[in-house]
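Encoded as structure tokens, the structure appears first; notes follow it.
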Amino acid sequence: MDPTLELALRLGAAVTLFAAFALWEALAPRRPLAVGRLRRWPGNLGIVLVDAALVRLIVPTAVVGAALYAAGNGIGLFNLLHLRLSVGFLFGFLLLDLAIYLQHVVFHKVPWLWRLHRMHHADLDIDVSTGLRFHPFEILISLGIKIAVVLAFGIPPVAVLAFEVALNATSMFNHSNARMPAWLDRVLRLILVTPDMHRVHHSVEQIEHDSNFGFNLPWWDRLFGTYRAAPKAGHDGMTIGLSIFRDPKELRLDRLLTQPFRDA
Ligand SMILES: [Zn+2]
Ligand SMILES: [Zn+2]
């Protein structure tokens, strides 16, 4: 596909989904926001623009590029095994999702990586904009990890593109402050990380933010024992964020960018 067209389609889909989830949150909020959109969105959307300018726009293209390179040169396990495309697609998608789950766990456990990732957690509320709030250095490291996985396994380009699009969409979905019927959450949670499942991961309590690492498929948390069904204080009573960076001035774009290099 023409790269400009691909970029336009991806951007168009992202903006449309963002608007749809934002509208859903406004019409059916899950919980009242502590700080609200007005004070948070300039910083959160500002970081999206910084990320987009630095790395975000190139990430899917670069990872798909690595997949095309692997396919063209017979690199990676799947290419060596001459797997059928459907099989390569399925296993490729699952492997990328597992890699992102493991990467997320590592970003919580390794102190200098946690300094980068904790900016995502320092948001004082969780809503659709939080789903895009990542430090550019975290996105860059994640890019390197994804390229390594794609090259090692020779994941088909179409699986990589589908995964990138799905990850972007599910990240906005599962950060949404949107209400859905309990039965729907229960059913969806069998195949997808839902907002109520991911919100536990944004609790100020360490035992809770060190659980539910999945972004897309919910199965890894169940498999590796990091699943937590609900926050102890309930969704309405829980506190979102971290014990540090609670001053609302930390929601400003310049503060978001420097948080990894500060302790207060
Ligand atoms: Zn996290
Ligand atoms: Zn999150």
Side-chain angles (χ1 to χ4, degrees), residues 14 17-18 21 30 59-60 63 89-110 113-114 116-123 126-135 138-139 141-146 148-150 153 155 159-178 180 182-232 235 238 240-242:
L17 280 174
F18 184 91
F21 292 135
R30 178 67 172 88
V59 166
V63 186
F89 184 96
L90 182 69
F91 281 102
F93 194 97
L94 287 172
L95 270 170
L96 280 170
D97 203 57
L98 174 60
I100 292 298
Y101 166 87
L102 293 173
Q103 172 199 302
H104 192 179
V105 174
V106 170
F107 266 92
H108 274 245
K109 304 293 175 198
V110 177
L113 292 172
W114 170 244
L116 296 177
H117 179 62
R118 71 183 177 182
M119 187 273 260
H120 175 68
H121 283 265
D123 199 348
I126 169 173
D127 69 9
V128 60
S129 71
T130 316
L132 300 171
R133 175 183 148 137
F134 292 95
H135 199 278
E138 175 172 355
I139 295 184
I141 292 170
S142 175
L143 169 69
I145 292 170
K146 279 189 273 198
V149 171
V150 163
F153 290 94
I155 297 174
V160 175
L161 186 62
F163 180 76
E164 288 290 338
V165 171
L167 188 65
N168 199 39
T170 53
S171 184
M172 286 193 273
F173 167 69
N174 64 42
H175 286 86
S176 292
N177 181 42
M180 68 169 89
W183 66 265
L184 184 59
D185 178 85
R186 258 198 319 275
V187 173
L188 268 183
R189 216 184 262 216
L190 298 174
I191 52 162
L192 206 61
V193 174
T194 64
D196 276 9
M197 181 176 163
H198 190 70
R199 192 174 304 103
V200 180
H201 186 73
H202 282 261
S203 166
V204 76
E205 305 288 339
Q206 182 171 2
I207 193 165
E208 293 181 345
H209 69 234
D210 279 342
S211 58
N212 296 5
F213 293 97
F215 265 105
N216 200 13
L217 302 171
W219 309 324
W220 314 119
D221 283 300
R222 308 245 188 187
L223 198 62
F224 295 110
T226 52
Y227 177 71
R228 191 170 294 272
K232 206 168 57 223
H235 285 285
M238 73 186 292
I240 302 288
L242 297 173

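Interatomic distance, Leu98 CG to Gln103 CD, rounded to the nearest 0.5 Å: 11.5 Å. For the atom pair CG of Leu90 and CG of Leu95, the computed distance is 9.5 Å after rounding to the nearest 0.5 Å. In this structure, CG in Leu17 is found 8.0 Å from CG in Asn168, a value given to the nearest 0.5 Å. From Leu102, atom CG reaches atom NZ of Lys109 across 12.5 Å, with rounding to the nearest 0.5 Å. Annotation: the span from Lys146 atom NZ to Leu143 atom CG amounts to 7.0 Å, rounded to 0.5 Å. Atom CG of Leu223 is separated from atom CG of Leu217 by 12.0 Å, given to the nearest 0.5 angstrom.
Residues Ile240 and Asp123 come closest through the heavy atom pair CG2-O, 3.6 Å. Taking each heavy atom of Phe21 and Val128 in turn, the nearest pair found is CB-CG2, 3.8 Å. Scanning all heavy atoms of the two residues, the minimum distance from Ser171 to Phe134 falls at OG-CE1, 4.3 Å. Of all non-hydrogen atoms in Phe93 and Ala166, the two that sit nearest each other are CZ-CB, 4.0 Å. When every heavy atom of Arg199 is checked against every heavy atom of Ile126, the shortest pair comes out as CG-CG2, 3.9 Å.
Side-chain contact between Val193 and Thr170 is absent, with no heavy atoms from C-beta onward closer than 4.5 Å. By the 4.5 Å heavy-atom criterion applied to side chains, Val149 and Leu96 are counted as neighbours. Residues Leu132 and Phe18 are in side-chain contact: their nearest non-hydrogen atoms beyond the backbone lie under 4.5 Å apart. Trp219 is listed as a side-chain neighbour of Leu94, based on a closest heavy-atom distance under 4.5 Å. With contacts defined as side-chain heavy-atom distances shorter than 4.5 Å, the pair Glu138/Met119 does not qualify. Looking at heavy atoms from C-beta onward, Pro231 lies out of side-chain contact with Glu205 at the 4.5 angstrom threshold. Put simply, the side chain of Met197 does not reach to within 4.5 Å of the side chain of Asp185, judged on heavy atoms. The shortest side-chain heavy-atom distance between Tyr101 and Thr226 falls under the 4.5 Å cut-off.
Within the 3.5 Å criterion, the main-chain N or O of Asp97 finds no donor-acceptor partner in the side chain of Asn216. When atom types are taken as modelled, the side chain of Ser211 and the backbone of Glu208 share a donor-acceptor pair closer than 3.5 angstrom. Put simply, the side chain of Ser203 never gets that close to the backbone of Val200: no donor and acceptor are under 3.5 Å apart. At distances below 3.5 Å, at least one donor-acceptor pair connects side-chain atoms of His121 with backbone N or O atoms of His201. Checking side-chain atoms of Asn174 against main-chain N and O of Phe215 turns up a donor-acceptor pair under 3.5 Å. Of the possible polar contacts, none joining the Thr194 side chain to the Arg189 backbone as a donor-acceptor pair under 3.5 Å is found. A side-chain donor-acceptor contact under 3.5 Å links Asn212 to the backbone of Arg228.
Paired with Trp114 under the rule ring pair (Phe, Tyr, Trp, His ring centres under 6.0 Å), one option of His104, His209, His120 passes, and it is His209.
Annotation: Leu190, atom CG; neighbour count of heavy atoms from other residues, nucleotides and ligands within 6.0 Å is above 12. Within a 6.0 Å radius of CZ in Phe91, no more than 12 heavy atoms belonging to other residues, nucleotides or ligands are found.
Annotation: ring-ring contact (aromatic ring centres under 6.0 Å, His included) contacts of His135 (sequence neighbours excluded): Phe137.
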**OP:** Apply side chain to side chain contact (heavy atoms under 4.5 Å, CB included) to Ile155 and Phe163, showing your working.
**Re:** CA-CA 11 Å; Ile155 297 174; Phe163 180 76; over 6 Å; no
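Between His175 and His198, the ring planes are perpendicular. Angles over 60° get that label, and only those under 30° would be called parallel.
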